[in-house]
Each structure stands twice: as C-alpha cells, then as structure tokens.
> 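Handing you a structure now.
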Protein chains: 2
Amino acid sequence: MAASGRTARPEVIWARPERAARGPRPAHTRAEIAAAAVRVADAEGPGGVSMRRVAAEIGCGTMSLYNYVPRKEDLYELMVDAVSAEYDLSAEPSGDWRADTLALAAQTRALMHRHPWLPRLMSPAHGFSPNALRYLEHFLWVLEPLDVPGGTKMELISMVNGVVSTYVVNELSEAERARTSPFPPGQEHAARMALLARELSRGDHPRLAAVLGAGFAAVDLDAHFARALGRLLDGFDPERVSPPPGPSAPPSPA
Amino acid sequence: MAASGRTARPEVIWARPERAARGPRPAHTRAEIAAAAVRVADAEGPGGVSMRRVAAEIGCGTMSLYNYVPRKEDLYELMVDAVSAEYDLSAEPSGDWRADTLALAAQTRALMHRHPWLPRLMSPAHGFSPNALRYLEHFLWVLEPLDVPGGTKMELISMVNGVVSTYVVNELSEAERARTSPFPPGQEHAARMALLARELSRGDHPRLAAVLGAGFAAVDLDAHFARALGRLLDGFDPERVSPPPGPSAPPSPA
DNA sequence: CCCCACTACGTACGCTGTACGTAACTAGGA
DNA sequence: TCCTAGTTACGTACAGCGTACGTAGTGGGG
C-alpha cells in the first residue's frame, strides 16, 4: 500500500534495470540518452539541459523521458557517469604512485576541459556510479605502493579531485562567463578588473595590491597545475615530509 | 545610442552606487536585501531563493527588487559577500602562518556549516567583493612570514579554500540530500549503501571493497579536517619539505 | 491466448527569471 | 520657485522549466 503506483521510488538509478522484464522493448537506451544530454551540455552549457531539450534531441516526447530517468537529478548522474567512461584506465600502474596520480589528475583536468559543466554537475551525493567505481578501483591500484592506511588513500583521492576541480573551475571561469554573458566578450571581465584596480588604488589592501600588481599573466598553466598538485602530494608522502614534531596539526606545544 | 535605456548594463554590482543621485530614496538597503536572501537560503536551501520569495521577504513587489539587483546572479554575489562579513579578522596574525591559516580555514568551514549553500553559490566569476578583499588582505597578512613569492601565496589561498570547500561539501552532502529528498530521512542513503555493498560483493573492485569494508565510521571529523589541511600546507612549507630532486613535478629523470 | 505491466505522449499546473509599461515621487537647474 | 528628468515602485505578461496525471497501444510470461 505505502507509496505504490508510479510515484515515490527512493531508488537509485543504478539499481533500476535498464530493460524492464515485462513490457515492450524501450525505443532508446540509457547510453543514448546520456550521450544526448552530454552533447547538449557541451554545446549549450549545463543550463541548456532540460528534459524537453534532451527528449527532442533523441526524438521522443518530453514525458517519455521519465520512463528512463525518474528525476532530472538522475539525468545528471547519467551524464557524469557517461563522461567518466572517457577515462583511459588501460595502462597498468607504473609503480610510481606520484607520477601515476599526476597522470590521473591530468586526465580529470582534460575531461573537465572537454566538459566544462562537469565540476558543477558532479556531486558527492551521486557517488558510486559504475564508472566511478572503475575509477576508484584503478586509483587505489595506483596508490598501492603508497604506505598509508586505506582511509588516508580515500582522503587523498578526494582531495586530489577537489583540488583539480577547484583549479579547473578557476581556470575556466572567465571562458564560461564569456559564454553565458549577454555582453560583448571580455567586457564584463574588463569592468571587473577596472573596478578592482580602482579599489586597490584607494590604499586599503596594500598587500593585495602588491601581489596583484606584480603581474598576473604569463603563467604556464600546465606547470602551475602540476606544481600545485605536487605540493598536495608532498603532504601525503611519508618519504618526503620530515616527521611532524607534534601529533599532527599543532606545530608547537601550547 | 548603443544599448541605452534600462537594459544592457555590463556593470558589476559593486560599481553601482547604492543610492542614486536623482530619484526618491529607496525603501530598502542592499544589506537588508542580502540579509533577507541569506535568511531564505538558510531556511529553505539555495533553491528557495527566488526573486519573488526574497521580494516578499522584504515586503515589496517582485519587480521592485530589480531596482536593487539587476540580475539574480548579482543577488547571489550580494549573499556571498554578506556572509563573508561574518569572518572575524580582528586578531592580528600571530607570526605562525601555519596556525593562523588553519584558523582561517576553520572559520571558513564554520561559515559553510552555518550557510550550507555557500560552496554552491560561491564562484570565482564573482571575485573581489568588498568582504572578499578584506579576507584576501588579511590572509596575505597572515602569510607574511611565509617566504614564497606572492603568486604562490595566492595559489595557497586558492587551494586552501578549494580543499575546505571540497571537504565541507563532502561533509554536508548527506545532510543536504536528506533535506532535499522527498523520501523519509536516510532511506535514500540506505538504498545507495545497499547497492554499493551488493556491487562490491560481486568481486570486481577488490581494493575498493577492502578499503571500504575496513569501516567507514567513527572518524573524528575535526581532526580529519586539520590533518588534511596540514598535509596541504606541508607542501607549501619550504622548511618542512625536503628540496625536490628534479625541477618541480617529475620525480625522476625519464 | 489473454492479461496486464510497461511504453509512449499530450495536457496541465505551479513555478521560475525578467522585459516592459505606467504612475508616483524627488532632487537639481532655470 | 517651478519644471523636468531620472528614479522608484509595481502589475502584467511571456517563455520556459520540472513533472503529476490520464490515456492509448504494445508485447512477453502465465
């Protein structure tokens, strides 16, 4: 009795069988739908992904989509899993967990460059899609030479992905803004920079003015990225970090 | 001629004067509007923040809000700046940049706990609101004892905030999901965990099964947080990291 | 063979951001 | 002092959204 019928299914989409046992064969597949949604998001940004738009893309009525995807959130989950299939995990770990981790991070970065909506649509609430499992398993394989507890490895994976995500979002924010903004490209950014310069010239924020005035540009993004991640990994490497004086965080006795 | 009238202003909201020179005095202030929006977001989640809802909250017509906030995006910017005012930056840096940075990160974490919508609404495209400048300036002050170039300090700030954001999003994801989900609390999470267990018992993903099977729970979140951030800072500390063998990232010659 | 679960899809509802028109008001210039 | 131009306030309207629901039609298991 409780919550029967067509509504109120707390199910995870991965628990639903792709093909039902009884009825006529569905006209589309999950992969097809996910690919269509990814195509739309790539072309028009995440805001362009609507149930109507995706349904039109695969050539079916809007509400038919709900036979495959109970809620829009699940469509997002399908999309994230679909692009996660683009990871090339064919190579065996080299034994150098640091280099392999950097390579995985570079793949994630490239993935997010190909699909700029990924950071926004990826959520820890999704977690554990088929390709996410594949990825995690491979990452743990890569980390096997690293001599730390399993929980710490998960922590490392989470932080690496967080840092990569943060980095890419920063990296792409201006481009994405330019795409979204209804104004001539660069105009908004120019306005922001002019305002910032005016604000900094007021004399408050002297340290910020010094740092920003020293010149933004001419940074090698790839090297920057590798360096930032390298720093993070340094913190996890028991062979590189000198043993902490205190237990963990406190640098000196109180 | 070009784009005159009431539309097409590429202006940043912080460049608009709060009170116009000519017309009647506005009935509300920016701070009042931002506070109302924050109140709504705190109570009903970021999805509850609509122009109509906020307008009703301050007791004015929907379209009147557009006199203060040209686009909804700007309302978000106001909200982020408003809660950024909650940073307590009154204490002078202690000279121990590590401890001070951890304290700032703890403030950010607490801020995000108070306002769980913050990570989602905060965007690098906003950047440089008044309170963001205050925060950055103070952070750079804290980092003055750290002997690295200014650009590296900005990198550190960005990465610390990215890691904190990632950490808190992970930390709060289940709670947020429970608030959003139309199903009984915990039911969805339980479904996900059951599916995960079933999937892991299939025998693929042996490493993941080993790590996750070793027990999730009973972790001290605060210690976890401090440890993760401490690791990150280790990577920036020239006194703690042994000098890298190669130029930067590559661990050994090819 | 037949039944019924399942697919497909049109309609409709409540919600969103916001463009636009109009009326009231107020401060600066004549 | 009055006039006028710019601003505030706000109702109406439109396009688009997610999705609940009703209704045909279809095809595989008992």
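A quick note: this is a predicted structure, and the numbers were derived from the prediction, not measured. In what follows, chains are A, B, ... by sequence order, proteins preceding strands, each numbered from 1.
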> Below 4.0 angstrom from OP1 or OP2 of C/dC20, is there any side-chain N or O of B/Y66?
no
> What is the distance from CZ of A/R25 to C1' of C/dA5, rounded to the nearest Å?
16 Å
> Identify which nucleotide among D/dT7, C/dC6, C/dT18 has an atom closest to any side-chain atom of B/P24, counting heavy atoms from C-beta outward.
D/dT7
> Is the shortest side-chain N to carboxylate O distance from B/D42 to B/R39 below 4.0 Å?
no
> Expressed in angstrom and rounded to an integer, what is the separation of A/N67 atom CG from D/dA20 atom P?
13 Å
> Does any donor-acceptor pair link the side chain of B/R52 with the base of C/dG17 at a separation under 3.5 Å?
yes
> Considering heavy-atom distances to DNA chain D, does A/M51 or B/C60 have its closest nucleotide positioned more toward the 5' end?
B/C60
> Rounded to whole Å, how long is the line connecting atom CD of B/E73 with atom P of C/dG17?
12 Å
> Is B/R202 paired with B/E199 through a side-chain N to carboxylate O contact shorter than 4.0 Å?
yes
> Given D/dT19, D/dA9, D/dG18, which nucleotide is nearest the side-chain atoms of A/T62?
D/dT19
> What is the separation between atom NZ on A/K72 and atom P on D/dA20, rounded to the nearest whole Å?
14 Å
> Are a donor atom and an acceptor atom from the side chains of B/S90 and B/D88 found within less than 3.5 Å of each other?
yes
> Look at B/R16 together with B/E77 and state whether they make a salt bridge at an N to O cut-off of under 4.0 Å.
no
> Would you kindly give the NE2-to-C1' distance between B/H28 and D/dT7, to the nearest whole Å?
15 Å
> Could you tell me whether the phosphate oxygens of D/dT8, OP1 or OP2, come under 4.0 Å of any side-chain nitrogen or oxygen in B/S64?
no
> B/R53 CZ to C/dG14 P: how many Å, rounded?
19 Å
> With a 4.0 Å cut-off on N to O distance, would you call A/D81 and A/R30 a salt bridge?
no
> Quick one: which of C/dC20, D/dT8, D/dT19 gets closest to the side chain of B/M63?
C/dC20
> Can you figure out which of C/dA27, D/dT8, D/dG18 approaches the side chain of B/P26 most closely?
D/dT8
> 5'-most contact on DNA chain C: B/V49 or A/G59, nearest heavy atom basis?
A/G59
> Return the value, rounded to whole Å, for the distance between atom CG of B/L65 and atom P of C/dT18.
11 Å
> For the pair made of OH in B/Y68 and P in C/dG17, what is the distance, rounded to whole Å?
18 Å
